[in-house]
Amino acid sequence: IAAKAGVPLPRIYDVLENLCIKGLVEVRAGRPRKYHALPPSIALTRYVKTYVEQLMSLNNKVVDKLEKIYRTKETHEPYIWLSHSMEASIERTIEWIRQIMIDGYASLSEELFVKLLPAIIKRLEKDSGMPFAITLFQYPDEKLLAKVSRIKNLRILYQPTGYIRALEHDFKRAIIYGKNYTLFTTEPELLVLLNDTYYFGYWRNAEIIKEFEIVKGYTYTAKLQWIVIPIIENALKDNYTVVLNIVGKWVKTGRPAELEVVAKGVYRSPDDRTRTIIGETKSGEEITIGGLSASVEDIEAYYIIVKITG
């Protein structure tokens, strides 16, 4: 055996013992020991089966460890990724629209508006307390306006000079539609940049086509302070009482803030760059509420609940 296998004689016994362990040969006790190869149909089948079982066991262990790593907080989806397929981008956008939980906004061309509108309507109808604003670059026709007229928590604006096509929701995810690509991101700095671009360029001075509908008993939630300002202003004009629950931080101290106030109005700076919600506590103290990066108000609001009562 040693000569035929090309294995040194001192090592041949180790090789034969390994073959016995693997179930490829059998040994007969005695002196000298005699080794006999098992039929391939038995030996190889059993050997391959054992090998596969060991491989699957190792696979299951690796998968289990990787799944635990994948689910940890340290791992997350990519901050930025690109798609060069508009069809795939629309599908992913619709998937994100279905996951909106608090609020959102979009600046859209007519083509994008038509493609995304069914998903937006379906999501907003499911949760009437979730405000959403859309600024269009082309004035919508009567048919499109009829579709959105019944959606109470949707605000439609018109800005003909707009060119940045984008969608953001929950101050968590954003989509920017380029000429030959679509950018998806969860990067906080890009969310802030898009928020400022939309607010100053597509919200403040745009023509209002459809306003949020004010309904007694409705409750709106928002992360964006500016998106609930028209709701508060119009509710106060209609002589409703507007109760606000604010979660944020005190601007001067940086300490957490959580309180309930009754809205008294909205202050606009002379250049209209700043819009501040004015509220009053139960004790009669006046509180000013700003949005992201507030510096002159009492509170920087992270989360606002707006309750419209009688």
Side-chain angles (χ1 to χ4, degrees), residues 76-77 79-80 96 100-107 129-135 155 157 159 162-176 183-206 212 220-233 236 242-281 285-306:
H76 49 70
E77 57 187 332
Y79 284 124
I80 300 172
W96 279 17
I100 300 174
M101 298 299 294
I102 301 172
D103 60 14
Y105 60 85
S107 52
M130 183 172 63
F132 199 90
I134 300 176
T135 300
R155 194 185 204 221
L157 304 103
Q159 178 60 280
Y163 64 93
I164 295 178
R165 302 176 300 166
L167 184 146
E168 186 270 356
H169 76 86
D170 301 336
F171 204 65
K172 176 182 178 182
R173 292 168 165 173
I175 308 162
I176 300 173
L183 184 149
F184 296 82
T185 184
T186 59
E187 177 63 43
E189 286 78 8
L190 288 180
L191 294 176
V192 172
L193 182 62
L194 185 59
N195 178 80
D196 288 349
T197 300
Y198 183 82
Y199 174 71
F200 288 107
Y202 301 99
W203 171 267
R204 290 189 313 151
N205 301 315
F212 291 123
Y220 288 98
T221 61
K223 280 190 173 182
L224 303 170
Q225 175 254 22
W226 51 263
I227 206 169
V228 295
I229 282 181
I231 296 173
I232 294 170
E233 287 184 316
L236 292 176
V242 181
V243 179
L244 307 176
N245 291 94
I246 311 295
V247 177
K249 73 174 182 179
W250 295 100
V251 172
K252 288 184 178 179
T253 65
R255 298 185 66 180
E258 189 170 350
L259 72 163
E260 181 178 280
V261 300
V262 175
K264 293 299 180 180
V266 173
Y267 167 76
R268 298 176 183 234
S269 62
D271 60 1
D272 199 26
R273 292 184 63 83
T274 304
R275 298 180 182 183
T276 300
I277 299 170
I278 301 170
E280 185 179 281
T281 65
E285 181 184 5
E286 183 178 282
I287 300 292
T288 56
I289 302 148
L292 181 68
S293 302
S295 58
V296 298
E297 293 87 357
D298 296 316
I299 293 177
E300 177 184 346
Y302 301 151
Y303 185 73
I304 303 175
I305 299 175
V306 180

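Predicted model only: the values in this text are computed from it and were never measured.
Here OG1 of Thr221 is found 7.0 Å from CD1 of Ile305. Values are rounded to the nearest 0.5 Å. Summarising the geometry, atom CD1 belonging to Ile304 is positioned 12.5 Å from atom NZ belonging to Lys223; distances are rounded to the nearest 0.5 Å. Annotation: the span from Ile287 atom CD1 to Glu280 atom CD amounts to 10.0 Å, rounded to 0.5 Å. Between atom CD1 of residue Ile246 and atom CD of residue Gln225 there is a gap of 9.0 Å, rounded to the nearest 0.5 Å. For the atom pair CD1 of Ile277 and NZ of Lys264, the computed distance is 14.5 Å after rounding to the nearest 0.5 Å.
Smallest separation of non-hydrogen atoms from Leu244 and Ile232: CD2-CD1, 3.9 Å. Considering all non-hydrogen atoms of both residues, Arg155 and Pro230 come closest at NH2-CB, 3.9 Å. Across all non-hydrogen atoms, the minimal contact from Ser295 to Val251 is O-CG1, 3.6 Å. Across all non-hydrogen atoms, the minimal contact from Ala222 to Ile102 is CA-CG2, 3.6 Å. Heavy atoms only, all atoms of each residue included: Gly291 and Glu300 are closest at O-CG, 3.1 Å.
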Quick one, Tyr105 with Ile134, criterion side-chain contact (heavy atoms from CB on, under 4.5 Å). Give me CA distance, side-chain angles, the key distance, then yes/no. CA-CA 6 Å; Tyr105 60 85; Ile134 300 176; over 6 Å; no
Dump the intermediate steps for salt bridge (charged side-chain N to carboxylate O under 4.0 Å, His left out) on Glu233 and Arg268, then the final yes or no. CA-CA 12 Å; Glu233 287 184 316; Arg268 298 176 183 234; 2.8 Å; yes
Atom pairs and distances, donor-acceptor, side-chain atoms in residues 252-259, under 3.5 Å, two or more places apart:
{"from": "Thr253", "atom 1": "OG1", "to": "Arg255", "atom 2": "N", "distance (Å)": "3.2"}

Validation: residues 187-204 side-chain donor-acceptor distances under 3.5 Å, sequence neighbours left out:
{"from": "Asn195", "atom 1": "OD1", "to": "Trp226", "atom 2": "NE1", "distance (Å)": "3.3"}
{"from": "Thr197", "atom 1": "OG1", "to": "Leu193", "atom 2": "O", "distance (Å)": "2.8"}
{"from": "Tyr198", "atom 1": "OH", "to": "Thr135", "atom 2": "OG1", "distance (Å)": "2.8"}
{"from": "Tyr202", "atom 1": "OH", "to": "Tyr163", "atom 2": "N", "distance (Å)": "3.3"}
{"from": "Tyr202", "atom 1": "OH", "to": "Ile164", "atom 2": "N", "distance (Å)": "3.2"}
{"from": "Arg204", "atom 1": "NH1", "to": "Asp272", "atom 2": "O", "distance (Å)": "2.6"}

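Distance alone, capped at 3.5 Å, is enough to place a donor-acceptor pair between the Asp170 side chain and the Asp103 backbone. One N or O on the side chain of Asp298 and one on the backbone of Thr288 form a donor-acceptor pair closer than 3.5 Å. Thr274 places no side-chain N or O within 3.5 Å of a backbone atom of Ser269 that could act as its donor or acceptor partner. Listed for the Thr276 side chain is no donor-acceptor partner under 3.5 Å among the backbone atoms of Ile289.
Counting heavy atoms from C-beta on, the side chains of Ile227 and Phe212 come closer than 4.5 Å. Counting heavy atoms from C-beta outward, Phe184 and Arg173 have side chains that stay 4.5 Å or more apart.
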